[in-house]
> 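Sharing a structure with you now.
Positions are given from 1, in the same order as the sequence printed here.
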Amino acid sequence: QVQLVESGGGLVQAGGSLRLSCAASGRTFTNYVMGWFRQVPDKEREFVAAIGRSGIREYYTDFVKGRFTISRDNAQNTVSLQMNSLKPEDTAVYYCAAAPRLALSTNPNSYDYWGQGTRVTVSS
């Protein structure tokens with residue numbers, strides 16, 4: 001089992017920044033690809049970013065490229081999402097997830113463990 005706890009969400013004005021963090025505990029952190037997803041009411045959970053087990057490989061969905069940066073600290077068992085130039089359409093609940101695999105994945109079904117989510121609200 002892997003336990004994931006997100007933090008850092010909140011209310012921010014458009015153009016502002018937030019940094020989300022996810023603390024992992026349980027199994028060996030470096031065995032997992034880590035991802036961030038987000039969800040708004042009545043819509044499916046959507047992929048935001050993923051990072052490989054060593055932290056070298058990253059992948060982003062198009063609508064956050066150049067604005068969001070995913071990173072991980074394997075010594076601290078944490079993964080972060082730095083979000084800059086936020087837009088009202090970034091408003092969502094953001095989830096951290098862990099996948100026991102080598103390759104990055106945008107498919108939520110690839111991820112076995114999920115945090116409880118942290119809410120991000122971007123006002124216009």
> For the hydrophobic clusters of this structure (ILVMFWY residues joined by side-chain heavy atoms under 4.5 Å, transitively), does one cluster hold both Leu4 and Leu20?
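Yes; tracing contacts between hydrophobic side chains, which count when under 4.5 Å, links both residues.
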
> Ala49 and Leu81: which non-hydrogen atoms are nearest, and at how many Å?
CB-CD1, 4.2 Å

> Tell me whether Leu11 is reachable from Leu86 by hopping between hydrophobic residues (I, L, V, M, F, W, Y) whose side-chain heavy atoms are closer than 4.5 Å.
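They do not share one cluster, since no chain of ILVMFWY contacts under 4.5 Å joins Leu86 to Leu11.
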
> Going from CG on Asn77 to OH on Tyr32, what distance comes out if it is rounded to the nearest 0.5 angstrom?
11.5 Å

> Given side chains that start at C-beta, do those of Val79 and Ile70 come closer than 4.5 Å, heavy atoms only?
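Yes, at least one pair of side-chain atoms sits under 4.5 Å.
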
> So, for Pro108 and Trp114, which heavy atoms are closest and what is the spacing to 0.1 Å?
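Taking every non-hydrogen atom into account, O-CZ2, 3.5 Å.
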
> Using the test side-chain contact (heavy atoms from CB on, under 4.5 Å), find all partners of Glu89 that sit at least two apart in sequence or belong to another chain.
Lys87

> What is the minimum heavy-atom distance between Ser110 and Arg101, and which atoms define it?
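Looking at all heavy atoms of both residues, the shortest contact is OG-NH1, 3.5 Å.
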
> Could you report the tightest heavy-atom contact between Gly115 and Tyr95, atom names first, then the distance?
O-CD2, 3.6 Å

> May I ask you to check whether over 12 heavy atoms, not counting those of Lys65, lie within 6.0 Å of atom NZ?
yes

> Of all residues at least two apart in sequence or in a different chain, which pass the side-chain contact (heavy atoms from CB on, under 4.5 Å) check with Asp112?
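Listed in chain order: Pro100.
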
> When clusters are formed by joining ILVMFWY residues with side-chain heavy atoms under 4.5 Å apart, either directly or through shared neighbours, do Val64 and Val33 land in the same one?
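In one cluster: no.
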
> Does one hydrophobic cluster hold both Tyr113 and Tyr94, with members joined at side-chain heavy-atom distances below 4.5 Å?
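Tyr113 and Tyr94: one cluster.
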
> Under a single-linkage definition using a 4.5 Å side-chain heavy-atom cutoff for Ile, Leu, Val, Met, Phe, Trp and Tyr, are Val48 and Leu18 assigned to the same hydrophobic cluster?
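Yes, Val48 and Leu18 fall within the same hydrophobic cluster.
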
> Is it true that atom CZ of Arg27 has more than 12 heavy atoms of other residues, nucleotides or ligands lying nearer than 6.0 Å?
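No - once you tally the heavy atoms of other residues, nucleotides and ligands closer than 6.0 Å, there are 12 at most.
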
> Considering residues at least two apart in sequence or located in another chain, which fulfil the side-chain contact (heavy atoms from CB on, under 4.5 Å) criterion with Asn109?
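With sequence neighbours excluded, Asn109 shows a side-chain contact (heavy atoms from CB on, under 4.5 Å) to Asn107, given in chain and number order.
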
> Does Ser21 reach the side chain of Thr78, with side-chain heavy atoms less than 4.5 Å apart?
no

> Cut-off 3.5 Å, no hydrogens considered: what does the side-chain donor-acceptor table look like for residues 116-124, sequence neighbours left out?
{"residue": "Gln116", "atom": "NE2", "partner": "Glu6", "partner atom": "O", "Å": "3.4"}
{"residue": "Gln116", "atom": "NE2", "partner": "Glu6", "partner atom": "OE1", "Å": "3.4"}
{"residue": "Thr118", "atom": "OG1", "partner": "Gly9", "partner atom": "N", "Å": "3.1"}

> Roughly how far, to the nearest 0.5 Å, is the OG atom of Ser71 from the CE atom of Met34?
11.5 Å

> Kindly indicate whether the side chain of Ser80, heavy atoms from C-beta on, has any atom under 4.5 Å from the side chain of Arg19.
yes

> What residues, two or more places apart in sequence or in another chain, satisfy side-chain contact (heavy atoms from CB on, under 4.5 Å) together with Tyr59?
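Tyr59: side-chain contact (heavy atoms from CB on, under 4.5 Å) contacts with Phe47, Leu104, Thr106.
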
> So which atom in Arg72 and which in Thr30 form the shortest heavy-atom distance, rounded to 0.1 Å?
NH2-CA, 4.1 Å

> Side chains of Arg67 and Asp90: closer than 4.5 Å at any heavy-atom pair?
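They are in contact (side-chain heavy atoms under 4.5 Å apart), so the answer is yes.
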
> So which atom in Val40 and which in Ala92 form the shortest heavy-atom distance, rounded to 0.1 Å?
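For Val40 and Ala92, the tightest heavy-atom pair comes out as CG1-CB, 3.6 Å.
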
> Begin with the C-alpha distance, continue with both residues' side-chain angles, and end with the deciding distance and a verdict on ring-ring contact (aromatic ring centres under 6.0 Å, His included) for Phe68 and Trp36.
CA-CA 11 Å; Phe68 291 10; Trp36 285 96; 10.0 Å; no

> Can you pull out every salt bridge (Lys or Arg N to Asp or Glu O under 4.0 Å) where at least one residue sits in residues 45-58? Sequence neighbours excluded, please.
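Listed once each, the pairs are Arg38-Glu46.
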
